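What follows is a short report on a single structure.
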Protein chains: 2
Amino acid sequence: MANKKLTLQIDFRSGLPIYTQIVNQVQAQVASGILKPDDQLPTVRALAEELRVNFNTVARAYRILDEARIISTQQGRGTFITEVPPPKVTERLRRESLEALTQRFVSEALRLGFSKGEIRQMVSDQLKAWSEASKSEE
Amino acid sequence: MANKKLTLQIDFRSGLPIYTQIVNQVQAQVASGILKPDDQLPTVRALAEELRVNFNTVARAYRILDEARIISTQQGRGTFITEVPPPKVTERLRRESLEALTQRFVSEALRLGFSKGEIRQMVSDQLKAWSEASKSEE
DNA sequence: GCCATAATTGTACTAATTGTATCATTGTCA
DNA sequence: TGACAATGATACAATTAGTACAATTATGGC
């Protein structure tokens, strides 16, 4: 499930920079569901070879996608599609997504023996810390 | 008493190196009392097979834990939890574990676009749901 | 019981894979 | 021509995998 082909069409004469074309097409494939969370993208070198471009060009595209939180690049490991932000369309999906995430967190915390009070307090603290720390964020 | 299962959850796309995840989780389980002194951890090869990673990755994690005096690795014998650190250290580890766990959860939820209020509410709901599911819990 | 030998377990070193950082080259356009 | 953006070349760093080895324990013949 984590391996897919990733078909990209690069037009070398289009005037659009190659890295921009890569960014756009990956973005589009994520949006359309062709690429799904956890899918592993080709390595910068593999994709570069396939597209006949320098791997730094692919790396540049990956960096932009990484900064946009669309993919997660990990040195020595590879690059992966991150979870897509839940579409606003269905409130239900959105809720279930948060529910699943929260359930994983809560059950793990409880398993490690933390009390509900501790958990609630820590969540509160972290949320507060985020408010104060986010001058540059979002 | 010296043999236990050691349940670890490795997230291959989390961005955290595998060896770091192993270190964190073992540390958390020691701090929380799930793992006790003299408990034997799985061999590097056994744990590696279970997690589907190379045994050197596990060995690396064990070495870090060994240097932190949390476990004792003995060539030809196995690896064991050492004496519990003094309460002050345990308390710090415990707190750090929860903090790290919570931080990952909160940042992920915020990244997915959920509001602080939604997150707080969902945590509260889940904690409550847990109480009702198992009445014995605090 | 004792010793040789195999099996088990961690260690050390090296290689392979992957992304990162920095600077050089090229090409376009004002 | 000069500036700047895009791409390429090279060296590097982080993570994981491969291979050989050393220490300990288990086993089996005598």
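By convention in this document, chain letters (A, B, ...) are assigned in the order of the sequence lines, proteins followed by strands, and residues within each chain are numbered from 1. Only heavy atoms go into these numbers, but all of them, side chains included; no hydrogens, no water, no symmetry mates. Note that the structure is predicted; figures quoted are calculated from it, not measured.
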Got a sec: does the [atom1] of [X] have more than 12 other heavy atoms crowding it under 6.0 Å?
X	atom1	answer
A:R111	CZ	yes
A:Q9	CD	no
B:R63	CZ	no

- [ ] Send over the distance from B:N54 CG to C:dT11 C1', rounded to a whole Å.
- [x] 13 Å

Task: d(CD1, B:I64; C1', C:dG10) in whole Å - done: 15 Å

Collect all protein-nucleotide pairs involving nucleotides 18-22 of chain C in which both atoms are nitrogen or oxygen and the distance is under 3.5 Å.
| unit_1 | atom_1 | unit_2 | atom_2 | d |
| --- | --- | --- | --- | --- |
| C:dT18 | O2 | A:G76 | N | 3.3 |
| C:dG19 | OP2 | A:V44 | N | 2.8 |
| C:dG19 | N7 | A:R45 | NH1 | 2.7 |
| C:dG19 | O6 | A:R45 | NH2 | 2.7 |
| C:dG19 | N2 | A:Q75 | NE2 | 3.3 |
| C:dT20 | OP1 | A:T73 | OG1 | 3.4 |
| C:dA21 | N6 | A:N56 | OD1 | 2.6 |

Open item on the list: Tell me whether B:K88 is salt-bridged to B:E91, with the criterion being a basic N under 4.0 Å from an acidic carboxylate O.
Closed with: no

Task: Test: A:R45 and A:E49 ion pair at under 4.0 Å - done: no

Open item on the list: Would you say that A:Q21 contacts A:L8 through its side chain, given a criterion of any heavy-atom pair below 4.5 Å between the two side chains?
Closed with: no

- [ ] For the pair A:R77 (side chain) and B:F12 (backbone), establish whether a donor and an acceptor sit closer than 3.5 Å, ignoring hydrogens and angles.
- [x] yes

Open item on the list: Keeping A:T82 on the side-chain end and A:R69 on the backbone end, is there a donor-acceptor pair under 3.5 Å?
Closed with: yes

Task: First and last nucleotide of DNA chain D, 5' to 3', lying under 4.0 Å from heavy atoms of chain B - done: D:dT15 to D:dT25

